[in-house]
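Read through the structure below, which is laid out as structure tokens, and then see the notes.
Atoms within each ligand, like the ligands themselves, are counted from 1 in listed order. Atom set for the values below is all heavy atoms of this structure, side chains included, hydrogens, waters and symmetry mates excluded.
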Amino acid sequence: MIVEPKVREFICTTAHPVGCRENVRRQIAYTKEQGEVKGIKKALIIGSSTGYGLASRIVSAFGAKAATIGVMFEKEGKAKRTASAGWYNNLAFEEFAKEEGIYAKTLNGDAFSKEIKEQVIELIKKDLGKVDTVIYSLAAPRRTMEDGTVYQSTLKTVGEEFVNKSLNLKNNTIETASISPANEEEIEATIKVMGGEDWLDWMRALKEADVLEDNAVTLAYSYIGPKLTYPVYFQGTIGLAKKHLKETAAVINEEFKNSGLKAYISVNKALVTQASAAIPVVPLYMAILYKTMKEMGNHENCIQQINRLFHEKKEGDSFKVDAENLIRLDDWEMEDAVQEAVIAAWDKVNSDNILEYADIEGYWEDFYNMFGFKFDFVDYTQDVEI
Ligand code: NAI
């Protein structure tokens with residue numbers, strides 16, 4: 001089949017297998033250039049097929065030569081429908097790992113469910129014995145509980161309506177977006193999906209099954225961002241979920257301290273991923289941030305961020321943290337010079353001058369690349385096996 005991108009606002013409903021493979025290949029090549037990562041031997045990555053989770057798995061496998069088990073929720077291809085990008089990414093990742101004799105197995109299913117947790121534990125017992133690193137990188141729209149209750153996460157404000165500039169992804173113009181406040185139920189549901197409850201469930205299940213090494217490490221990813229996006233992110237529904245995630249790290253640290261396990265939250269940089277493209281106002285912020293950071297020479301993508309996490313934010317067996325026990329991989333994004341330039345551009349940007357202030361091309365390049373499109377070397381006129 002000849003596969004073309006079918007884009008609807010912040011999602012692409014097709015993915016290109018050859019392009020996704022190229023995306024993974026480049027991330028592996030970059031990781032190898034950064035040299036050896038120490039301290040990961042056997043890792044479990046929950047949310048391993050795209051974005052920060054995929055980058056974490058690549059750094060574990062190709063930086064540290066660790067055996068990895070991945071958990072993802074992706075769609076396989078059908079006769080006339082391509083698989084999801086994460087599915088192709090994972091296929092490529094496993095192939096590359098196999099070529100180098102690096103253990104990699106993946107479970108495709110709902111990470112929130114008890115079944116997947118049991119299957120992962122069984123696989124760890126059978127193949128690895130125990131794991132020393134658990135990376136929790138889920139970004140999910142919903143969570144189904146054991147009793148069938150479904151919680152849906154929302155990206156809304158808390159308290160007041162928020163009105164600000166936003167990028168209209170259909171035609172790259174600036175429009176005014178208004179984001180309405182969530183009700184109590186929506187806030188609670190978002191915390192259920194994106195907060196720390198499931199992370200804690202995972203850690204307890206792994207501990208109970210005795211598949212965690214002593215002094216193991218677990219990491220979950222978060223975002224804070226600038227005041228500009230506070231109403232929709234840090235102080236919005238997703239921010240409350242992230243607050244819960246942070247509190248969960250403290251709960252895990254207390255509960256697991258006898259085994260030496262340490263739980264960390266790494267606050268990462270805003271980057272175009274399937275999850276972040278869906279947040280109102282944030283895509284315009286990202287396009288301006290990309291332009292600013294590229295000009296200042298400190299822009300990074302997911303694989304660069306996660307390599308820096310393991311090469312520069314680690315000190316022996318621990319990670320360097322701030323006063324709130326957070327790893328700050330967003331340090332460059334939050335630098336005063338960067339934020340001042342972003343704010344100045346934000347104030348001036350409109351539909352007529354957008355290309356001057358925002359890296360629209362870079363935004364879309366990352367977006368298309370995520371689904372395996374717009375890679376120079378791939379011949380998109382060729383039939384491919386989907
Ligand atoms: P993503 O959408 O690229 O990746 C999500 C991963 O979760 C995929 O592997 C997907 O298959 C998996 N997944 C989703 N639902 C699942 C389910 N029910 N069961 C099993 N697997 C499931 O997202 P991204 O952006 O990499 O986000 C990962 C984490 O990083 C999130 O916690 C996010 O908040 C955080 N983060 C993201 C930033 C960004 O700008 N993209 C910035 C800072 C933190």
Please work out whether any backbone atom (N, CA, C, O) or any side-chain heavy atom from C-beta onward of [X] is under 4.0 Å from ligand 1, and answer side chain, backbone, both or neither.
| X | answer |
| --- | --- |
| S222 | backbone |
| C302 | neither |
| M286 | neither |

* To do: Please check if the distance between the ring centroids of Y223 and Y233 is under 6.0 Å.
  => yes
* Aromatic ring proximity H299/Y290, centre distance under 6.0 Å -> yes
Spacing of [X] atom [atom1] and [Y] atom [atom2] [to the nearest 0.5 Å]:
| X | Y | atom1 | atom2 | answer |
| --- | --- | --- | --- | --- |
| I45 | S60 | CD1 | OG | 4.0 Å |
| S113 | Q119 | OG | CD | 7.5 Å |
| S48 | N108 | OG | CG | 9.0 Å |

Subset of ligand 1 atoms that lie under 4.0 Å from at least one heavy atom of [X]:
| X | value |
| --- | --- |
| S48 | 9 (O) |
| G109 | 19 (N), 20 (C) |
| A275 | 2 (O), 23 (O), 25 (O) |
| S137 | 5 (C), 6 (C), 7 (O), 28 (C), 29 (C) |
| L271 | 39 (C), 40 (O), 41 (N) |
| F112 | 18 (N) |
| K242 | 31 (C), 32 (O), 33 (C), 34 (O) |
| A270 | 40 (O) |

* In plain terms, say whether E255 and R204 are close enough for a salt bridge, that is, a side-chain N and a carboxylate O under 4.0 Å apart. =>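 A salt bridge links E255 with R204.
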* Salt bridge or not for K269 and E300, using N-O below 4.0 Å? -> no
Look at ligand 1 and say whether [X] reaches it with a heavy atom at a distance under 4.0 Å.
| X | answer |
| --- | --- |
| R143 | no |
| S266 | no |
| G86 | no |

* Qualifying residue, where the test is side-chain contact (heavy atoms from CB on, under 4.5 Å) with I265 and the options are L245, N325, I327 ->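 The side-chain contact (heavy atoms from CB on, under 4.5 Å) with I265 is passed solely by L245 among L245, N325, I327.
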Considering only non-hydrogen protein atoms, determine which one is nearest to [atom] and report residue, atom name and distance to 0.1 Å.
| atom | answer |
| --- | --- |
| atom 3 (O) of ligand 1 | T50 OG1, 2.8 Å |
| atom 24 (P) of ligand 1 | T273 OG1, 3.7 Å |
| atom 13 (N) of ligand 1 | L138 CD2, 3.7 Å |
| atom 35 (C) of ligand 1 | Y221 CB, 3.8 Å |
| atom 42 (C) of ligand 1 | K269 O, 3.2 Å |
| atom 7 (O) of ligand 1 | G47 CA, 3.5 Å |
| atom 26 (O) of ligand 1 | Y52 N, 2.8 Å |

Does an N or O from [X], backbone or side chain, lie closer than 3.5 Å to an N or O of ligand 1?
| X | value |
| --- | --- |
| Y223 | no |
| F73 | yes |
| R142 | no |

* Working for side-chain hydrogen bond (donor to acceptor under 3.5 Å, both in side chains), residues N172 and Y363 -> CA-CA 11 Å; N172 296 327; Y363 178 92; over 6 Å; no
Test the [X]-[Y] pair against the cation-pi criterion, namely NZ or CZ under 6.0 angstrom from the six-membered ring centroid and within 45° of the ring axis.
| X | Y | result |
| --- | --- | --- |
| K374 | Y368 | yes |
| K313 | F319 | no |
| K207 | F256 | yes |

* Asked: Under the criterion side-chain hydrogen bond (donor to acceptor under 3.5 Å, both in side chains), which of Y136, W199, Y264, W202 is the partner of T218?
  ->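 The passing option is W199.
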* Test item: S351 side-chain N/O and I174 main-chain N/O as donor-acceptor pair under 3.5 Å ->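 It does hold such a pair.
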